[in-house]
Amino acid sequence: MTATAAATRTRRRSARSRDEFDPTPWPVALLCGAGGGACALLAFPPYDLWMLLPVAIALLGAGLLVRSRWLAGLVSLLWGLALFVPLTAWASTYAGTTPWIALGVFEALYIVVFGLLARTVMVRRGLCPSSAIVVSALWVAVEALRSNAPWGGLPWGASAFALADAPLLHLAPWIGVAGLGFVVALLGQLLLFGALALLGRRRRGFTGFSGVWPFAIAVAAVLATVVVPHPVNRAPVNRPTMTVAAIQGSMSAIDPVSYTMPEDVFANHLAVTREVLEGTAQNGTQLDLIVWPEDSTGWDPRQDPQLARQLTGAAAEADAPLLVGTQVRVGEEERLNQSVLFTPGQTSPYAYSKRHPVPFGEYIPMRGLFSRLSDKVDLVSLDMIPGEEVGVMDLDALGQGQDRVGILICFEIAYDSLVHDVVDGGAEVIVVQSNNALFGDSHEAIQQLAQAEVMAVMSGRSVVHISTVGQSAIFSPTGRRIDFIDHWEQGALLADVPLRTGITPAVAAGPWIAVGLSAVGAVGLFAALGGDRRALARTATRRRRGD
C-alpha cells in the first residue's frame, strides 16, 4: 500500500468517526414514535398547539435513528396511528368503528413510507444541513402523495392545516401548502439536531452545549415570519367588497340508520333567510348574494315547483341571487352534488357540480370488493360522480351583479389544486358550502374551518365557509375572521366581504412547489443510496454489516 492510499483511508476513517451519532435505544424509540404522534395531534384543531408539530417531527426523527429497519417502520407506524386514528375520529360517526380504524391505519402507512426513506438519508448521509433539507423535502413528497393517491387522496392532517393560528401562516401566499410543510419539517430537523447535541449523542457539527444554536435558529426563523408581508393584492376597480349573507339554518339530528337529511333543513334555512331579509330591509343593506350550505334543499328543488317558488321568492325579496346546495339524481345509480343559483327572475341559470367526491363517503370505489368486507358501503346507495367544470360563477355574465365567485363544496377546500383552479379561473372571492351534520359533535367541523382559513391566506381570497350546522365563518384574504357562527347554532354570516384580483406566488406556481421539493427529496435519497453506511455508531465488537 502506498503512503498516499494509506493517508486517504485514514482521512476517510476520521471523517466517518466524526460523523457518527449514537443510535436510539429501542424503548426510547418506541416512546418517540407514540409521543411524537400525540404531539402532532395536539398541533391540530381543536387543540391548536401548532408549535408541537415541529417537536413531533423531531421525535419521529429521533425514533428513526435505530439499527433495525423493522424497528424504524414500527416507530413510524406508531407515530402515524397516534395522529391519524384520533384525528379522523369523525369518520366513525357515519361509517362505524371498523372503517374509521381502517382509514387511520391506511393514512399511518404513509408515515411508514416517510420514516423508512428519511432513516435511509440520515443513516447514510449523517445529520448535516443537506440531509435536513432532503428529509424535509421527502416529508413534502409523502404529504403530496397522501393528498393525491389513491382515489384523489385525502389531505386531512397536512402540516399546513395545523398552522391557522401560527405566524408561519404569513408564508402561505408565498410558498403554498407544500412550502409550509417543508418549513415545518425543517424546523423539526433543527430541533432534532439540537436535542441530539445537548444529549451528547452527536460526534460532529453541533455537539454538546453548542446544540442550543439549532434551537435558537428555529425560534428566530419562526419569529421572523411575523413581519413577512402579504403580496400586493388589489381589489377590483370600484368594487372593494360584496355584501354576502350566508345562512346556517341548522337542523334536527340525522337518522342514525338511514342517514337521510331531516325534513326541517329547508324550512330552517328559509326561516333564517327571512329573518336576515327583515333586518337588511330595516337598515337599508343591499345584499349581493345569499348562500345556503351543501344539502340545504335535499333533492333538486328545480324538480319541485313549490320549493323553487320559495327560493326565487326569497331571491326576489332580497333583490339578490340565492345560491343553494342540493343533490341531483343521474339515472338510477348515480348523483351529482350541486350548487344551484336561483334568481329574482325565477330562473336558475347556473349550477356547479362537485369535482372531487369523497371516496367511501360520497361514492364507493371498487364497490364489489368492499361490499364483501363491510355492509357499511350500502349507506352510500347512489355513487356521486364528479363534475367537470371549475366552479367560477360570473354574476356579471349572468346578469346578477358584477362579481366573480369561486365555488367549492365541503372537503374540496382541503385540496389546494382545486383552490388554485377557481382563483386561476378569475374568482374574486371563494364560497365553500358544507354539511357537517353527518359528523355529529366530532372535531371535523373545526378542522375543516381551519383549512378554509389557511386556504384564504394561501390564495389571497376571502373565503365564505357556510355549513348547515356549523362551524361557519368568513375569512379575509389575510386570514382575519370577519364573522362566525358556532356549532349547532342557528344564524347567518352577514358582512361586506373583501374582493381581490391579485395572484399570489403560491397560486402562480401551482403544483410546481410540491413537485420541485419532491424532486429535491428524490435526488437526495438516490444520492444517499449511492454511498455506504457511515453515520450510525457501532460498538467495538459489532461487525460491519448492511443497515
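By convention here, the first residue in the shown sequence is residue 1. All values below come from the heavy atoms of this structure, side chains included, with hydrogens, waters and symmetry mates left out.
Contact annotation: the side chain of F342 approaches that of R302 to within less than 4.5 Å [non-hydrogen atoms, C-beta and beyond]. Counting heavy atoms from C-beta on, the side chains of L87 and Q447 come closer than 4.5 Å. With a 4.5 Å cut-off on side-chain heavy atoms, L52 and Y47 do not count as touching. In this structure the side chain of L493 never reaches within 4.5 angstrom of the side chain of V244, judged on heavy atoms. Using a 4.5 Å heavy-atom threshold, the side chains of L154 and L103 count as touching. By the 4.5 Å heavy-atom criterion applied to side chains, T280 and L494 are counted as neighbours. Taking the side chain as every heavy atom from C-beta outward, Q433 and I407 approach each other to under 4.5 Å. The shortest distance between side-chain heavy atoms of W90 and Q448 does not fall below 4.5 Å.
Of the N and O atoms on the side chains of Q338 and S353, at least one donor lies less than 3.5 Å from an acceptor on the other residue. Under the 3.5 Å distance criterion, with hydrogens and angles disregarded, no donor-acceptor pair is assigned to the side chains of D300 and Q327.
A side-chain hydrogen bond (donor to acceptor under 3.5 Å, both in side chains) with E428 holds for exactly one of Q402, R500, R239, R461; it is R239.
For the pair C410 and E294, the tightest heavy-atom approach, listed with the atom from each and the gap, is CB-OE1, 3.4 Å.
In this structure, W151 has its ring center at least 6.0 angstrom away from the ring center of F106. For F266 and W292, the ring centers sit closer than 6.0 Å to each other.
Between the CG atom of L289 and the CE atom of M242 there is a distance of 4.5 Å, given to the nearest 0.5 Å.
Under a cut-off of 6.0 angstrom, the local environment of CD in E489 is crowded, with over 12 non-hydrogen atoms contributed by other residues, nucleotides or ligands.
Using cut-offs of 30° and 60° on the angle between ring planes, the pair W139 and F114 is perpendicular.
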